[in-house]
Amino acid sequence: MWQIIRLCLIFTAQRTDIIEVGGDSALGVSVYTLSNPSRIVVDIPNAVSELDSTFDVSALEYVTAGRAAMFNDTTLRLVFEVDGMAKYSYTTDNHAMTLQIFSSSMKNMSYDTSANKLYLQKKDTIQTGSVKINDHYLDGYTDVVLPGDYSETFGSGTYDIDNGVIKSIQVSTSGGKTTIRFNQSRISCYSITEEQERYVISVKNPQDVYSKVLLLDAGHGGSDPGASGNGLTEKNLTLTIMQKVANYLDGSGIKVYVTRNSDTYPTNSSRAQSANAIADAMVSIHMNSGSAVANGTEVLYKNHSNDTGSNLTSLKLAQLIQNSIVSATGNTNRGTKLRTDLLILNTTTVPAVIVETVFISNPGDALKISQEDYQNKVAKAIADAIEEAFTYPLR
């Protein structure tokens, strides 16, 4: 049975926007949020509207725009655009639904989703030089810790963003310090600056901050052990070698991010996506497996459509790493190998290689890679090759 929908917008003194939706019979509504821009959606089945396609929301505090349209042949959709900090609740009673929209307890801040900047109104003085930025990118967030209790100024709660860079912002205070947590969709860098009437926390791509950015990957991990042989497991060795490579690159001028730093399993697609989003190149450390007689080192690569003669390419990176390891260790040189069947190589758009360090299925190779001195030698060779590779034009 079709029903005609009527709408009443009310603003109350209790800092709550109240929207009443009425029909000719009981309403079976579905209410949910969408992001970018933030909006509250009300779907009403078996309904038609006497409403204009857009309606005046100037009397409301938290709703910035409102519109109505048939979502499909049978469902009327009402959309209320809101600030990311707005929350809602609703009740239904017979022929009516009451939607209440209100602010979280966060206040005196706003987020520019296009510039990726959080603006803090200068209600109190913040010593920006004492702000701590704690990067937990492997856990998907970064904390900006203010040097004092600013709970009265900025409140607490969650600010939904979800623009592909930041998922949400959480504000909390404990131990006399207010923390602004940025839950990230990608690895980002942060800075806080002062303007005349506000403080600005800028969220930047690492490539906008560093001239050289590397993503180091320890293959496999967690529920994916990789290859095994001669008492060794690939996921453990790849993590050990990767951590050593990162240590050797410390102070090189290359900003190094890693895909994991413990026995976890980021998906291969997420590893590649991270490389594409923030890095100039990706090096993935692996161990090979085959027959008991197969041995040596090989580096896998795939050509990319954006490879150019002067810039660093996957092939150049593979050749440098291959030659460096063989020279440093005397391993059997199995060469660089073009592979088009591997997810990481297929889905990266930046220079990317997979380093098959040794064959852990080979007793001789396994014995060598189990020794720390040899691990150091391999890791140093990879790091040296990466440093040389990053002397090529990168962008």
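No experiment lies behind these values; they were computed from the predicted model shown. In what follows, residues are counted from 1 in the order of the sequence shown. As a basis for the values below, the full set of heavy atoms in this structure was taken, side chains included, without hydrogen atoms, waters or symmetry mates.
Separating the CD1 atom in I344 from the OG1 atom in T259 is a distance of 7.5 Å, to the nearest 0.5 Å. E356 CD to L300 CG: the interatomic distance, rounded to the nearest 0.5 Å, is 5.0 Å. Note that the CG atom of L232 and the OG atom of S370 stand 6.0 Å from one another [nearest 0.5 Å]. Taken from OG in S314 to CG in N306, the straight-line distance is 8.5 Å, to the nearest 0.5 Å. Taking CG of L120 as the start and CG of L118 as the end, the distance is 4.5 Å to the nearest 0.5 Å. Atom CG of residue L146 and atom OG of residue S151 lie 11.0 Å apart, to the nearest 0.5 angstrom.
Checking side-chain atoms of N163 against main-chain N and O of T113 turns up a donor-acceptor pair under 3.5 Å. Of the possible donor and acceptor atoms, one in the side chain of S270 sits under 3.5 Å from a partner among the backbone N and O of T267. The backbone N or O of A279 sits nowhere less than 3.5 Å from a side-chain atom of K255 that would complete a donor-acceptor pair. A donor-acceptor pair is defined here as one N or O able to donate and one able to accept, closer than 3.5 Å; such a pair exists between the side chain of D17 and the backbone of V63. T240 places a side-chain N or O within 3.5 Å of a backbone atom of N236 that can act as its donor or acceptor partner. Panel note: side chain R260, backbone G222; no donor-acceptor pair is recorded below 3.5 Å. Side-chain atoms of R198 do not come within 3.5 Å of backbone N or O of M109 as any donor-acceptor pair. Between the S284 side chain and the I354 main chain, no donor and acceptor come within less than 3.5 Å of each other. Formation of a donor-acceptor pair under 3.5 Å by the N108 side chain with backbone atoms of T153 is found in this model. With hydrogens and angles ignored, the 3.5 Å screen pairs no side-chain donor or acceptor of Q322 with any backbone N or O of T336.
A donor-acceptor contact closer than 3.5 angstrom links the side chains of T349 and N276. In summary, the side chains of T173 and T178 do present a donor paired with an acceptor at a separation below 3.5 Å, with no hydrogens or angles considered. Looking only at atom types and distance, the side chain of N295 has a donor-acceptor partner in the side chain of T332 under 3.5 Å away. A donor-acceptor pair shorter than 3.5 Å cannot be found between the side chains of T54 and D52. Of the N and O atoms on the side chains of S156 and S105, at least one donor lies less than 3.5 Å from an acceptor on the other residue.
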_With side-chain hydrogen bond (donor to acceptor under 3.5 Å, both in side chains) as the criterion, how do N331 and T297 come out once you've worked through the C-alpha distance, each side chain's angles and the decisive distance to 0.1 Å?_
CA-CA 6 Å; N331 280 0; T297 299; 2.8 Å; yes
_Test log, rule side-chain hydrogen bond (donor to acceptor under 3.5 Å, both in side chains), inputs T74 and N72_ = CA-CA 6 Å; T74 62; N72 54 37; 3.3 Å; yes
_With side-chain contact (heavy atoms from CB on, under 4.5 Å) as the criterion, how do T357 and I285 come out once you've worked through the C-alpha distance, each side chain's angles and the decisive distance to 0.1 Å?_
CA-CA 7 Å; T357 312; I285 310 295; 4.0 Å; yes
_Applying side-chain contact (heavy atoms from CB on, under 4.5 Å) to S188 and R186, what does each step give before you reach the verdict?_
CA-CA 6 Å; S188 295; R186 66 146 203 236; 3.3 Å; yes
*With side-chain contact (heavy atoms from CB on, under 4.5 Å) as the test, would you mind laying out the steps for L27 and I44 before giving the verdict?*
CA-CA 7 Å; L27 297 179; I44 308 173; 4.2 Å; yes
*side-chain contact (heavy atoms from CB on, under 4.5 Å) between V203 and Y111: does it pass, once the steps are laid out?*
CA-CA 11 Å; V203 184; Y111 193 81; 3.8 Å; yes
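Counting only residues at least two apart or in different chains, ring pair (Phe, Tyr, Trp, His ring centres under 6.0 Å) contacts with residues 341-390 are absent. Within the structure, the salt bridge (charged side-chain N to carboxylate O under 4.0 Å, His left out) test picks out the following pairs touching residues 228-242 (sequence neighbours left out): K235-D263. Sequence neighbours left out, the pairs with a member in residues 295-314 that pass salt bridge (charged side-chain N to carboxylate O under 4.0 Å, His left out) are E298-R334, E298-K337. Applying the ring pair (Phe, Tyr, Trp, His ring centres under 6.0 Å) test to pairs two or more places apart or on separate chains, those with a residue in residues 139-166 are H136-Y141. For residues 200-225, the salt bridge (charged side-chain N to carboxylate O under 4.0 Å, His left out) pairs, not counting sequence neighbours, are D217-R271. Sorted by first and then second residue, the pairs that involve residues 215-270 and meet ring pair (Phe, Tyr, Trp, His ring centres under 6.0 Å), not counting sequence neighbours, are Y137-Y257, H220-H286. Judged as a salt bridge (charged side-chain N to carboxylate O under 4.0 Å, His left out), the pairs with a partner in residues 37-49 (not counting sequence neighbours) are, in order, D43-R77.
Each of T142, T158, D143 was checked for a side chain to side chain donor-acceptor pair (under 3.5 Å) with R181, and the lone residue meeting it is D143.
Using a 4.0 Å cut-off between a side-chain N of Lys or Arg and a carboxylate O of Asp or Glu, K380 and D384 qualify as a salt bridge. The pair E81-R67 meets the salt-bridge criterion, with a side-chain N (NZ, NE, NH1 or NH2) lying under 4.0 Å from an Asp/Glu carboxylate O. With salt bridges taken as basic N to acidic carboxylate O contacts below 4.0 Å, one links K122 and E194.
Remark: F182 pairs with Y190 by the ring pair (Phe, Tyr, Trp, His ring centres under 6.0 Å) rule, at least two apart or across chains. Partners of Q273 under the side chain to side chain contact (heavy atoms under 4.5 Å, CB included) rule, at least two apart in sequence or in another chain, are S269. Shown here are the salt bridge (Lys or Arg N to Asp or Glu O under 4.0 Å) partners of E387, two or more places apart in sequence or in another chain: there are none. The salt bridge (Lys or Arg N to Asp or Glu O under 4.0 Å) search around D341 returns R339, not counting sequence neighbours.
Annotation for E195: atom CD counts as buried by contact number, over 12 foreign heavy atoms lying within 6.0 Å.
Nearest heavy atoms, P363 versus A292: CD-O, 3.7 Å. The shortest heavy-atom contact between V283 and L317 is CG2-CD2, 4.1 Å. Across all their heavy atoms, L338 and N303 have their closest contact at CD1-N, 3.9 Å. Between S168 and D160, the closest heavy-atom pair is CB-OD1, 4.0 Å.
One hydrophobic cluster holds both L60 and Y90 under the rule that ILVMFWY side chains link at heavy-atom gaps under 4.5 Å. When the side chains of ILVMFWY residues are joined at heavy-atom separations under 4.5 Å, either directly or via intervening members, Y62 and L78 end up in a single hydrophobic cluster. Hydrophobic cluster membership differs between V29 and V79, with clusters built from Ile, Leu, Val, Met, Phe, Trp and Tyr side chains linked at under 4.5 angstrom. V209 and I201 are assigned to two separate hydrophobic clusters, defined by single-linkage of ILVMFWY side chains at heavy-atom distances under 4.5 Å. V350 and M242 fall into different hydrophobic clusters, where Ile, Leu, Val, Met, Phe, Trp and Tyr residues are linked whenever their side-chain heavy atoms come under 4.5 Å apart, directly or through other members.
Cluster partners of V200 are Y119, counting Ile, Leu, Val, Met, Phe, Trp and Tyr whose side-chain heavy atoms approach within less than 4.5 Å, directly or via other members.
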